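We use all heavy atoms of the structure for the numbers below, so side chains are in, but hydrogens, waters and symmetry mates are not. A note on names: the letters A, B, ... follow the listed sequences, proteins ahead of strands, and every chain is numbered from 1. These figures come from a predicted structure and were not determined experimentally.
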Amino acid sequence: MTKFSELNLDPNVLKAVAEAGYEAPTPIQEGAIPPALEGKDVLGIAQTGTGKTASFTLPMLTRLATGRARARMPRSLVLAPTRELAAQVAENFDLYAKHTKLTKALLIGGVSFGEQDKLIDRGVDVLIATPGRLLDHFERGKLLLTGVQIMVVDEADRMLDMGFIPDIERIFQLTPFTRQTLFFSATMAPEIERITNTFLHAPVRVEVARQATTSETITQKLVEIVPPRKDQTAKAKRELLRALIQAEGEACTNAIIFCNRKSDVDIVAKSLKSHGFDAAPIHGDLEQSQRTKTLDAFRDGKLQLLIASDVAARGLDIPAVSHVFNYDLPSHAEDYVHRIGRTGRAGRLGTAYSIATPSDDKYLAAIEHLVKITIPRVEVPEGFTLSEATLREPKKYDEKEGGRSSSSSSRSGSRTRSRTRSRDRDESLAAPVVEPVLAEAVVETPVVEAPKREERRDERREERRDDRRERDRSRPRDRDTGPVVVGMGDHVPDFLLRPFRPSKPATVTEEVEETSEG
DNA sequence: AAAAAAT
């Protein structure tokens with residue numbers, strides 16, 4: 001087996017690695033460090049938890065060991081998508097650079113410019129930044145990127161998701177053509193491929209097998225509930241979450257609870273706290289100081305439950321999380337893998353619970369397709385008092401539907417139709433794989449409904465366009481024109497229509513048509 | 001329908 005000591009790293013760097021307790025490099029490190037040390041571009045395809053950060057940190061420090069920084073001209077640059085991730089990279093630099101004289105600055109938003117400016121002025125070897133703040137410094141003329149010898153892009157696919165690619169391209173163009181580029185991404189989306197083709201020169205491609213999502217170290221479980229009413233979903237989910245945490249008891253030493261929305265992060269955190277749990281929220285709308293404080297407390301074991309948006313889904317290295325709870329199933333299947341990957345790290349055992357409601361069926365299918373397993377369904381825990389109402393029981397819905405559908409079928413017309421649509425949606429939500437007798441009625445509708453819904457939307461759009469045309473010709477006579485005209489009847493005073501219609505309607509109509517087609 | 005990041 002290769003050892004770090006065989007990798008030609010700077011002795012001072014090697015010393016820090018040894019002190020940190022590392023002997024043998026991970027596959028990504030073994031693959032990326034040698035070419036990086038030779039000054040070659042590296043394209044690393046690897047996910048977090050594979051030792052990616054050290055795979056660029058160690059060779060960078062080694063190559064920067066000779067020479068020193070000039071004022072406002074950093075010698076290297078690391079870009080990360082989130083502030084926490086950038087801060088984490090910075091911590092890694094501190095760790096491995098402690099026996100060198102290399103300096104670094106962390107440029108992230110949410111903190112004042114003053115300290116960052118001071119460091120840049122003095123000259124730093126390594127600049128670690130989120131794209132926005134870096135460009136901000138650059139535009140203020142405080143920063144020159146022409147001295148960058150090594151540039152690292154970390155978590156490029158996440159940058160893509162977050163719309164950072166234009167910024168990244170711009171930053172690439174601000175650095176010298178001769179720079180060395182180390183580029184990391186978990187996946188190679190077409191857009192990522194394009195960037196690497198443009199900005200990397202004959203890169204050495206290092207690909208590390210995707211982390212097994214069915215990793216034996218993570219036990220995945222899914223709890224499905226059907227809240228009796230839609231407006232009770234959140235309440236039911238919060239209660240179920242509490243029951244799940246309680247059922248796990250002492251096994252749950254600490255956990256990250258993921259919500260899809262920032263507002264839900266706050267609500268769930270508040271709710272858990274009021275029920276006596278040791279919980280705190282983290283998401284992008286919170287003050288940076290608060291984010292740092294919360295994350296530090298969680299890392300130090302002073303906080304048991306971290307309620308998080310996807311700001312914490314990727315990259316963050318939080319050791320020893322016993323549980324992950326998906327309060328919401330993520331709408332991007334990839335995120336499921338990232339989220340549950342927060343537990344079961346470094347050979348430790350972990351448990352990942354996901355809460356699903358019927359409206360998650362689509363997401364769930366995508367997730368299970370991606371991870372290539374059927375996530376084991378488990379019963380709701382005993383402490384879940386709403387269980388009777390919220391178990392996956394289609395009956396209530398079907399009874400209701402049966403009653404309503406007969407009354408609605410006696411009617412017709414566009415207004416009733418819109419109500420029918422929302423009813424059908426509920427119906428399809430409540431359609432589980434059980435109850436064959438009722439399934440007849442349930443299955444039929446969504447299957448037919450799905451394509452129809454699209455058609456109808458198009459129809460309506462066309463209708464609306466027609467309406468406009470009609471009105472422009474001042475012949476508002478169609479009853480289907482929508483609630484506004486129906487409500488006014490045929491008695492709409494002419495002046496009310498005038499502001500929407502310039503003096504020569506025919507011409508305008510033509511113009512509208514032309515522009516809309518062009 | 002939403003999260004992240006520059007203010």
Distance check needed: [N] [atom2] versus [X] [atom1], whole Å only.
{"X": "A:R133", "N": "B:dA4", "atom1": "CZ", "atom2": "P", "answer": "17 Å"}
{"X": "A:I171", "N": "B:dA5", "atom1": "CD1", "atom2": "C1'", "answer": "12 Å"}
{"X": "A:E287", "N": "B:dA5", "atom1": "CD", "atom2": "P", "answer": "13 Å"}

Of all the nucleotides listed ([options]), which has the minimum atom distance to the side chain of [X]?
{"X": "A:K262", "options": "B:dA4, B:dA1, B:dA5", "value": "B:dA4"}
{"X": "A:H283", "options": "B:dA5, B:dA4, B:dT7", "value": "B:dA4"}
{"X": "A:E139", "options": "B:dA1, B:dA6, B:dA3", "value": "B:dA6"}

### Query
What class does the angle between the rings of A:F56 and A:F184 fall in, given that below 30° is parallel, 30 to 60° is tilted and above 60° is perpendicular?
tilted
Quick one: label [X] by what it contacts on the DNA or RNA (base, sugar-phosphate, nothing), any heavy atom closer than 4.0 Å.
{"X": "A:H332", "value": "base"}
{"X": "A:R140", "value": "nothing"}
{"X": "A:G110", "value": "sugar-phosphate"}

#### Entry: Residue that, paired with A:L306, satisfies side-chain contact (heavy atoms from CB on, under 4.5 Å) out of A:I257, A:I282, A:N254, A:V265
A:I282
### Query
Is the closest side-chain donor-acceptor distance between A:D161 and A:H332 under 3.5 Å?
no
### Message
Less than 4.0 angstrom from a charged side-chain N to a carboxylate O is my criterion; do A:E224 and A:K237 meet it?
### Response
no
